[in-house]
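Data first, discussion second: the structure below is written as structure tokens.
Heavy-atom basis, side chains included; hydrogens, waters and symmetry copies ignored.
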Amino acid sequence: MFESLSERLDSAFKQLKGEGRISEINVASTVKEIRRALVDADVNYKIAKDFTDRVREKALGEKVITAISPGQLMVKIVKDELAELMGGTEAELDTKANPTVILIAGLQGSGKTTFSGKLANFLKTKKAKKPLLVAADIYRPAAIDQLKVLGEQIGVEVYSEPENKDAVKIAQNAVQHAKQQGNNIIIIDTAGRLAVDEVMMTEVANVKAAVKPNEILFVVDSMTGQDAVNTAKAFNDRLDFSGVVLTKLDGDTRGGAALTIKYTVEKPIKFVSMGEKLDTLDVFYPERMAQRILG
Ligand code: GDP
């Protein structure tokens with residue numbers, strides 16, 4: 001994950017090796033290298049520039065600390081700023097309500113259905129909850145089957161109405177069903193399209209209005225870089241979601257989406273998904289991610 005970014009940052013810090021102290025001159029070239037590394041990792045230029053402006057200011061503002069070299073100091077400043085850019089501290093999923101309704105939205109292929117299964121498994125095994133999965137994709141019968149297979153693997157009931165073409169009704173009926181069955185978590189997997197379109201947005205907005213979810217998680221494929229950020233903006237404008245799920249971080253992703261979604265839509269990344277297996281869901285910790293990037 002983010003190998004290229006990690007390597008590039010590492011070589012930027014190496015420029016400071018052997019320097020006795022931080023100066024305008026050595027900071028300028030290091031900062032420039034960091035900015036290039038970020039842009040090449042698919043971070044929007046303005047965000048990269050603001051980021052390195054803050055890093056430069058902090059570095060030059062530091063008092064001389066003899067115990068720490070300029071290189072180490074720069075690593076620390078960049079690590080703190082990366083963590084801050086990604087949200088600072090972790091954002092928890094709010095599951096206090098009984099039942100808690102969680103709406104899952106995103107483009108087709110982003111990993112929504114897989115994530116829904118992972119989340120149900122996570123809440124069942126780690127939080128002792130009793131989840132109900134809801135297949136609310138009225139366009140692709142295969143999506144219902146896919147969720148059913150996942151549900152069977154993790155021992156979680158899947159609610160579906162294959163003949164019903166009204167996603168709002170299905171979601172409402174599912175909530176009723178959950179209340180009768182004593183499920184305290186309802187995860188609604190909505191339909192996705194290949195691109196943001198009006199019909200899809202209206203449908204998911206209608207489901208939101210009808211079931212008033214406690215959490216709306218926007219699922220996005222981290223491999224799509226800046227497109228992921230743009231899609232997040234479009235969904236957030238319409239849905240005002242409560243958190244982001246970044247999927248496919250196990251792939252050869254450059255990092256732009258992870259680094260800039262929070263900054264762009266002002267919503268936290270809550271989970272990351274790093275594989276197709278159902279037990280690979282991870283809570284997102286900005287500081288740990290920053291640490292990982294810096295190796
Ligand atoms: P949906 O259309 O949004 O419901 O997406 P799916 O859940 O069907 O996922 C699309 C494809 O991506 C499937 O082949 C999944 O197995 C795969 N996938 C989902 N999440 C991950 C992940 O975190 N890592 C990897 N490598 N593949 C994933």
Side-chain angles (χ1 to χ4, degrees), residues 42 44 101-119 133-148 150 158-175 186-249 251 253 256-258 260-273 276:
D42 218 3
N44 156 296
V101 179
I102 305 172
L103 190 65
I104 311 294
L107 295 182
Q108 192 175 311
S110 59
K112 274 187 316 310
T113 304
T114 307
F115 170 72
S116 298
K118 286 182 173 197
L119 181 63
L133 280 163
V134 183
D137 189 335
I138 55 173
Y139 308 99
R140 290 191 316 132
I144 301 178
D145 297 338
Q146 188 189 348
L147 200 60
K148 281 193 170 155
L150 293 181
V158 175
Y159 183 90
S160 68
E161 295 182 31
E163 305 305 320
N164 193 343
K165 293 293 168 208
D166 183 342
V168 170
K169 274 272 165 349
I170 296 171
Q172 286 172 323
N173 293 343
V175 172
I186 304 164
I187 300 171
I188 305 176
D189 183 17
T190 60
R193 299 290 170 84
L194 292 173
V196 175
D197 73 46
E198 193 46 37
V199 177
M200 167 197 184
M201 283 299 186
T202 303
E203 181 186 282
V204 66
N206 288 343
V207 173
K208 174 188 172 180
V211 298
K212 300 190 175 46
N214 304 88
E215 288 271 2
I216 302 173
L217 298 179
F218 166 67
V219 179
V220 67
D221 179 345
S222 63
M223 307 276 279
T224 59
Q226 276 306 301
D227 276 349
V229 181
N230 296 333
T231 311
K233 256 184 104 169
F235 271 79
N236 194 47
D237 287 348
R238 201 58 192 270
L239 281 183
D240 189 20
F241 54 69
S242 55
V244 176
V245 180
L246 269 185
T247 62
K248 310 188 193 180
L249 271 189
T253 170
T260 59
I261 272 194
K262 164 67 174 56
Y263 181 94
T264 308
V265 297
E266 294 181 20
K267 296 290 168 65
I269 299 171
K270 293 200 170 179
F271 294 100
V272 292
S273 174
E276 293 161 275

Report the C-alpha separation of Ser116 and Leu147 in whole Å, then their side-chain angles, then the decisive distance to 0.1 Å, and conclude whether the side chain to side chain contact (heavy atoms under 4.5 Å, CB included) test is met.
CA-CA 8 Å; Ser116 298; Leu147 200 60; 4.2 Å; yes
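- To the nearest 0.5 angstrom, Asn214 atom CG is 9.0 Å from Ile186 atom CD1.
- In this structure, the side-chain hydrogen bond (donor to acceptor under 3.5 Å, both in side chains) partners of Asn173, at least two apart in sequence or on a different chain, are Glu161.
- Taking Asp137 as the reference, nothing meets the side-chain hydrogen bond (donor to acceptor under 3.5 Å, both in side chains) condition, with sequence neighbours excluded.
- When all heavy atoms are compared, the tightest approach of Leu239 to Ile216 is O-CD1, 3.8 Å.
- Here CD1 of Ile144 is found 7.0 Å from CD1 of Ile170. Values are rounded to the nearest 0.5 Å.
- For residues 101-115, there are no salt bridge (Lys or Arg N to Asp or Glu O under 4.0 Å) pairs, not counting sequence neighbours.
- Residues Ile138 and Ala167 come closest through the heavy atom pair CG2-N, 4.0 Å.
- Scanning for side-chain hydrogen bond (donor to acceptor under 3.5 Å, both in side chains) contacts around Lys118 gives Ser273, Thr280, with sequence neighbours left out.
- Taking the side chain as every heavy atom from C-beta outward, Thr190 and Met200 never approach each other to under 4.5 Å.
- Remark: Thr231 OG1 to Ile261 CD1 distance equals 8.5 Å, nearest 0.5 Å.
- Pairs engaging residues 203-212 under the side chain to side chain donor-acceptor pair (under 3.5 Å) rule: Tyr139-Glu203 [sequence neighbours left out].
- A salt bridge (Lys or Arg N to Asp or Glu O under 4.0 Å) check over residues 264-273, counting only residues at least two apart or in different chains, returns the pairs Glu215-Lys270, Asp240-Lys267.
- In this structure, Thr247 and Val219 approach most closely via the heavy-atom pair CG2-CG1, 3.5 Å.
- Taking every heavy atom of both residues into account, Ala228 and Ala257 meet most closely at CB-CB, 3.9 Å.
- In this view, Asp166 satisfies the salt bridge (charged side-chain N to carboxylate O under 4.0 Å, His left out) rule with no residue, not counting sequence neighbours.
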Chi angles and distances behind the side chain to side chain contact (heavy atoms under 4.5 Å, CB included) call for Asp189, Leu133:
CA-CA 7 Å; Asp189 183 17; Leu133 280 163; over 6 Å; no
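- Atom CD of Gln226 sits about 7.0 Å away from atom OG1 of Thr264, to the nearest 0.5 Å.
- Remark: Tyr263 pairs with no residue by the ring pair (Phe, Tyr, Trp, His ring centres under 6.0 Å) rule, at least two apart or across chains.
- Taken to the nearest 0.5 Å, the CG atom of Leu194 stands 4.5 Å off from the CD atom of Gln108.
- Closest heavy-atom contact between Leu217 and Ser242: CD2-OG, 4.4 Å.
- For residues 218-231, the salt bridge (Lys or Arg N to Asp or Glu O under 4.0 Å) pairs, not counting sequence neighbours, are Asp221-Lys248.
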List the steps and the verdict of side chain to side chain contact (heavy atoms under 4.5 Å, CB included) for Asn44 and Thr260.
CA-CA 8 Å; Asn44 156 296; Thr260 59; 5.5 Å; no
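- Ala136 meets the side-chain contact (heavy atoms from CB on, under 4.5 Å) test with Ile188; sequence neighbours excluded.
- Going from atom CD1 of Ile187 over to atom CG of Leu119 covers 4.0 Å, rounded to the nearest 0.5 Å.
- Applying the side-chain hydrogen bond (donor to acceptor under 3.5 Å, both in side chains) rule to Glu198 yields the partners Thr202, Arg238; only residues at least two apart in sequence or on another chain are considered.
- Among pairs with a residue in residues 224-249, those fulfilling ring pair (Phe, Tyr, Trp, His ring centres under 6.0 Å) read Phe218-Phe235, Phe218-Phe241, at least two apart in sequence or across chains.
- Closest non-hydrogen pair, Thr113 versus Leu150, comes out as O-CD1, 3.3 Å.
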